[in-house]
Amino acid sequence: MNRRLAALLVPVLLAVAGCTATGPERQTTSAGRAERPSPFADCAALTRAPGPSGSAAPAGSSGSASGPAPTASAAAPTPTAGGPLLPELTLNCFTGGAPVALRDVRGPAVVNLWASWCPPCRKELPAFQRLSERAAGRLQVLGVNSRDTRTAAQSIGEDFGIRFPVLFDQGEALQRELGRNALPLTLLVDAEGRVVHVDASGALDDARLAALVQRHLGLAVPA
């Protein structure tokens, strides 16, 4: 009788032990996916103008430790005048929250259209991150991830340390509005929200970005 009872209990005890061993592992994996944070910044600051009254500059970037932030040089070229307004288009922020209307983005701004599968995009993204840090408080740097997947875009952001805000445009709506097919594509937008320059020359480096910002937006940013 005791032998039969033991034989019946053994499979039950093994099954219970198996659930206990695998349960926490599954929970950790699931929680890891759910809690994986986006590398990109929130988009709320995009609709507030850069500068002392806005909040484009990250905490601790006021420059008080190393002197005041540089301003546009007196010898800097006059910013490009005119140009069309940003398209009337609303895109989702990569981090969630309220969608962002491009017409509400406060300039001056540099808008970079990119995708994870585009080699020149990957090459230039770190330069845009450095620009966002060097020009914090005076210039918005905004990414628009186009024709991509969220997983691939997130991986690139994590790998390259990209922290500026990114909008998600899987259907390439902005490219269609601009009549452009190639990536990467960079828009320079003045304080009135007008696109004063569109650059499609390929991967931009720090020096080229600084030159474009100075020439078209009148801001001197160290390269």
Side-chain angles (χ1 to χ4, degrees), residues 24-48 50 55-61 86-87 89-102 104-106 109-137 139-178 180-189 198-200 202-206 209:
E25 182 177 346
R26 286 199 303 267
Q27 290 173 2
T28 300
T29 302
S30 174
R33 283 195 296 266
E35 296 174 3
R36 182 181 175 189
S38 169
F40 310 118
D42 183 78
C43 299
L46 292 173
T47 56
R48 296 192 288 271
S55 56
S61 66
L86 280 166
L89 185 65
T90 298
L91 297 172
N92 290 324
C93 182
F94 201 96
T95 60
V100 176
L102 291 183
D104 290 341
V105 172
R106 299 297 300 273
V110 174
V111 183
N112 178 241
L113 283 69
W114 65 278
S116 65
W117 45 261
C118 161
C121 300
R122 296 196 301 270
K123 183 178 180 180
E124 71 177 6
L125 273 172
F128 283 90
Q129 174 59 30
R130 290 188 290 270
L131 175 67
S132 73
E133 295 165 1
R134 292 166 179 161
L139 177 72
Q140 307 267 24
V141 176
L142 165 63
V144 177
N145 181 250
S146 184
R147 284 185 282 166
D148 212 343
T149 66
R150 292 185 64 89
T151 301
Q154 169 131 346
S155 295
I156 290 294
E158 292 168 344
D159 292 345
F160 294 164
I162 306 305
R163 299 291 178 262
F164 51 79
V166 173
L167 302 179
F168 192 58
D169 186 15
Q170 189 176 27
E172 60 187 292
L174 180 53
Q175 283 181 267
R176 290 200 307 270
E177 288 287 339
L178 296 170
R180 302 276 185 153
N181 293 320
L183 291 175
L185 193 66
T186 299
L187 314 179
L188 279 84
V189 181
V198 178
D199 190 276
L204 298 172
D205 59 17
D206 296 81
L209 263 177

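Sequential numbering from 1 along the given sequence is applied to the chain's residues.
Between Ala127 and Asp205, the shortest heavy-atom contact is CB-C, 4.1 Å. When all heavy atoms are compared, the tightest approach of Asn181 to Arg147 is O-NH2, 2.7 Å. Listed here is the closest heavy atom pair of Ser116 and Ile156: CB-CG1, 3.5 Å. When all heavy atoms of Leu113 and Cys121 are compared, the closest pair comes out as O-SG, 4.3 Å. Closest approach of Cys43 to Leu167, counting heavy atoms only: SG-CD2, 3.8 Å.
Within the 4.5 Å cutoff, no side-chain heavy atoms of Ser146 are placed close to those of Leu174. Cys118 places a side-chain heavy atom less than 4.5 Å from the side chain of Pro184. Residues Thr186 and Val110 form a side-chain contact, since some pair of their non-hydrogen atoms from C-beta on lies under 4.5 Å apart. In this structure the side chain of Trp117 reaches within 4.5 angstrom of the side chain of Leu183, judged on heavy atoms. Contact annotation: the side chain of Val144 never approaches that of Leu185 to less than 4.5 Å [non-hydrogen atoms, C-beta and beyond]. For the pair Phe164 and Leu125, the minimum side-chain heavy-atom distance is below 4.5 Å. Taking the side chain as every heavy atom from C-beta outward, Leu178 and Leu187 approach each other to under 4.5 Å. Side-chain contact between Val189 and Gln140 is absent, with no heavy atoms from C-beta onward closer than 4.5 Å.
With rounding to the nearest 0.5 angstrom, the CZ atom of Phe40 is 11.5 Å from the CG atom of Leu142. Put simply, CZ on Arg180 and CD on Glu172 are 14.5 Å apart, with the number rounded to the nearest 0.5 Å. Note: Asp169 CG to Asn145 CG = 8.5 Å, rounded to the nearest 0.5 Å.
For the residue pair Thr47 / Asp104, no side-chain donor-acceptor distance below 3.5 Å is found, with atom types taken as modelled.
Gln154 places no side-chain N or O within donor-acceptor distance of the main-chain N or O of Thr149, the cut-off being under 3.5 Å. Looking only at distances, a side-chain donor or acceptor of Gln129 sits under 3.5 Å from a matching main-chain atom of Arg163. No donor-acceptor distance shorter than 3.5 angstrom exists from the side chain of Trp114 to the backbone of Glu124, with no hydrogens or angles considered.
The neighbour count for Arg106 CZ, taken as heavy atoms of other residues, nucleotides or ligands under 6.0 Å away, does not exceed 12.
For the pair Arg122 and Phe160, the NZ or CZ position fails the cation-pi test of under 6.0 Å to the six-membered ring centre and within 45 degrees of the ring normal.
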Full working for side-chain contact (heavy atoms from CB on, under 4.5 Å) between Glu177 and Leu102: CA-CA 12 Å; Glu177 288 287 339; Leu102 291 183; over 6 Å; no
